[in-house]
Amino acid sequence: MLVSDESPAFTPARALASTRASRVPVAQRAATPASSAWREGDPVGRRQFADLGPFALESGGRLPAVRLAYETWGELAPDGSNAVLVLHALTGDSHVTGPAGEGHPTPGWWESMVGPGAPIDTDRWFVVAPNVLGGCQGSTGPSSPAPDGRPWGSRFPRVSVRDQVAAEVRLADLLGIRTWALVIGASMGGLRVLEWAASEPQRVDAFAAIATAAQTSGDQIANFHTQLSAIHADPGFRGGDYYDAPDGEGPHLGLGLARQIAHQSYRSAYELDARFGRIPQGAEDPLEGGRFAVQSYLEHHGDKLARRFDANTYVTLTRSMITHDLGRDRGGVDNALSQVTARGLVIAVDTDRLFPVAQSERIAEHVPGAGPVRVVHSDYGHDGFLIEADQVGAHVADFLGELVRTRP
């Protein structure tokens with residue numbers, strides 16, 4: 001998931017005030033584009049591009065050419081010892097930090113963590129953040145042109161977490177980075193963090209896996225399945241070939257509904273009840289068919305995502321999470337974790353109902369170089385890894401400081 005634009009502080013009074021704030025109803029907004037993917041000719045912004053060449057996939061498919069979009073901050077040390085890889089979550093991208101502007105309609109999604117003087121201090125560290133393989137913000141994905149010049153659409157092959165990491169390995173090669181001082185990411189980004197540590201042990205000195213898992217559970221697969229079903233059921237999805245559809249006739253309803261389903265797992269039951277409870281939306285009367293404020297809140301987030309993302313990418317990346325299993329062909333999850341040689345920081349959010357604390361405890365228990373799980377206390381659930389910037393930042397800064405102090 002991507003950073004929320006909600007204020008971290010909430011009270012019943014603040015919640016009531018926010019529900020009374022004027023907001024254009026979703027039905028009255030401008031028609032939603034069929035896709036909001038970045039396309040050739042759009043403003044580049046801070047993006048850089050790496051052409052990785054032909055790419056064989058775990059599924060047996062093949063991409064004739066792969067490109068990754070990425071951004072960097074800071075300067076790489078002459079000996080390459082200060083490189084940090086930041087891996088984004090499901091609806092994130094390479095724009096980790098920096099203002100909104102041409103090519104970047106929103107500010108960086110982790111500005112509390114990356115930048116001058118931040119826990120990952122770009123005056124000290126060289127930070128690289130790629131848009132994931134299968135993404136929609138400059139990297140090769142379903143919205144990218146296939147060899148015939150048309151978007152891949154339904155023809156885009158399935159990609160796995162291991163495919164995504166293999167592409168990032170090639171990016172590191174092109175950048176001349178042999179070893180990462182730290183590979184860090186949360187949620188879906190955390191899946192790739194662990195895959196990096198397991199598949200490329202000689203290239204990862206340390207990792208930070210935040211609010212994530214070594215293997216998706218049955219509960220998570222069920223949650224992801226309902227999101228995919230919402231997109232597939234939208235007639236505007238057209239089996240994945242909707243890129244030439246006029247505004248308002250793409251799969252925005254299905255994508256928005258998928259986001260609503262997901263958003264419930266991003267926040268805690270406590271927060272939704274304390275913040276919204278049974279407050280009606282504005283002057284609407286639920287007894288007469290009106291909405292509660294929490295319904296409007298979910299609709300708003302669904303509509304917002306549909307205006308900045310791509311349905312096929314959502315499907316592609318969600319499928320990669322469903323199939324995620326660090327232990328596949330490695331003797332099981334526990335054995336795979338026990339073979340990780342990098343030092344590890346494992347962070348969980350105590351109210352996370354998407355990636356529960358127990359999944360982080362499993363990582364910390366079996367990785368030899370990981371200490372006990374650092375637990376972030378939050379009322380906000382999974383999104384706590386973004387909202388509780390002081391807690392998460394302190395853990396990351398402490399870990400990086402310890403790495404520097406104990407380097408040979």
Side-chain angles (χ1 to χ4, degrees), residues 50 52-63 66 68 70 80-81 83-90 127-135 139-140 157-216 316-317 319-346 355 359-360 362-370 403:
L52 308 183
F55 202 86
L57 302 166
E58 272 204 295
S59 64
R62 181 179 180 274
L63 289 166
V66 165
L68 288 190
Y70 66 98
S81 62
V84 173
L85 180 64
V86 177
L87 302 177
H88 68 76
L90 174 60
V127 176
V128 180
N131 182 218
V132 68
L133 175 64
S139 292
T140 297
R158 296 199 176 204
V159 299
S160 69
V161 170
R162 294 186 187 181
D163 293 325
Q164 294 162 348
V165 169
E168 291 160 4
V169 169
R170 289 199 194 179
L171 172 64
D173 290 342
L174 287 175
L175 294 177
I177 297 171
R178 298 304 307 162
T179 304
W180 297 103
L182 178 69
V183 179
I184 182 172
S187 196
M188 189 192 83
L191 310 186
R192 307 205 303 288
V193 166
L194 294 173
E195 182 58 36
W196 260 100
S199 63
E200 299 291 331
Q202 74 285 1
R203 303 189 70 163
V204 180
D205 283 348
F207 72 86
I210 305 171
T212 194
Q215 178 190 61
T216 44
T316 294
L317 300 186
R319 283 174 173 166
S320 76
M321 290 193 290
I322 285 176
T323 59
H324 169 62
D325 180 0
L326 196 74
R328 178 167 46 82
D329 301 325
R330 293 175 175 147
V333 169
D334 295 349
N335 186 65
L337 290 169
S338 72
Q339 301 303 308
V340 170
T341 57
R343 296 177 63 177
L345 170 66
V346 183
F355 287 99
Q359 290 185 311
S360 292
R362 185 181 191 184
I363 299 166
E365 177 184 356
H366 292 285
V367 173
L403 292 178

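Just so it is clear, the model here is predicted, and its values are computed rather than measured.
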Return yes if some donor-acceptor pair links the side-chain N/O of [X] with the main-chain N/O of [Y] below 3.5 Å, else return no.
X    : Y    : value
R170 : L52  : yes
H324 : M188 : no
H88  : V132 : yes
R203 : I177 : yes
N335 : G327 : no

Would you say that [X] contacts [Y] through its side chain, given a criterion of any heavy-atom pair below 4.5 Å between the two side chains?
X    : Y    : result
L345 : L182 : no
Q215 : L337 : no
Q164 : E195 : no
S160 : L57  : no
L403 : D205 : no
S59  : V159 : no
R178 : D173 : yes
L68  : S139 : yes

For [X] against [Y], the heavy-atom pair lying closest together:
X    : Y    : result
L194 : A213 : CD1-O, 3.5 Å
S187 : A89  : CB-CB, 3.9 Å
Y70  : L175 : OH-CD2, 3.5 Å
A198 : P201 : O-CD, 3.8 Å
V346 : A370 : CG2-CB, 4.2 Å
V193 : F207 : CG1-CB, 3.7 Å

When rounded to the nearest 0.5 angstrom, what is the spacing between [atom1] in [X] and [atom2] in [Y]?
X    : Y    : atom1 : atom2 : answer
S320 : E58  : OG    : CD    : 11.0 Å
T323 : L191 : OG1   : CG    : 9.5 Å
I184 : I210 : CD1   : CD1   : 4.0 Å
F355 : I363 : CZ    : CD1   : 9.5 Å
L133 : L317 : CG    : CG    : 8.5 Å

Does E365 have any side-chain contact (heavy atoms from CB on, under 4.5 Å) partners at least two apart in sequence or in another chain, and if so, which? none

List the steps and the verdict of side chain to side chain contact (heavy atoms under 4.5 Å, CB included) for F55 and T140. CA-CA 11 Å; F55 202 86; T140 297; over 6 Å; no

Dump the intermediate steps for side chain to side chain contact (heavy atoms under 4.5 Å, CB included) on E168 and L87, then the final yes or no. CA-CA 10 Å; E168 291 160 4; L87 302 177; 3.6 Å; yes

Evaluate the side chain to side chain contact (heavy atoms under 4.5 Å, CB included) criterion for residues V333 and D325: first the C-alpha distance (whole Å), next the side-chain angles of each, then the deciding distance (0.1 Å), finally the verdict. CA-CA 7 Å; V333 169; D325 180 0; 3.5 Å; yes

Could you walk me through whether T341 and Q202 pass the side chain to side chain contact (heavy atoms under 4.5 Å, CB included) check? CA-CA 8 Å; T341 57; Q202 74 285 1; over 6 Å; no

Are more than 12 heavy atoms, taken from residues, nucleotides or ligands other than R158, located less than 6.0 Å from that residue's CZ atom? no

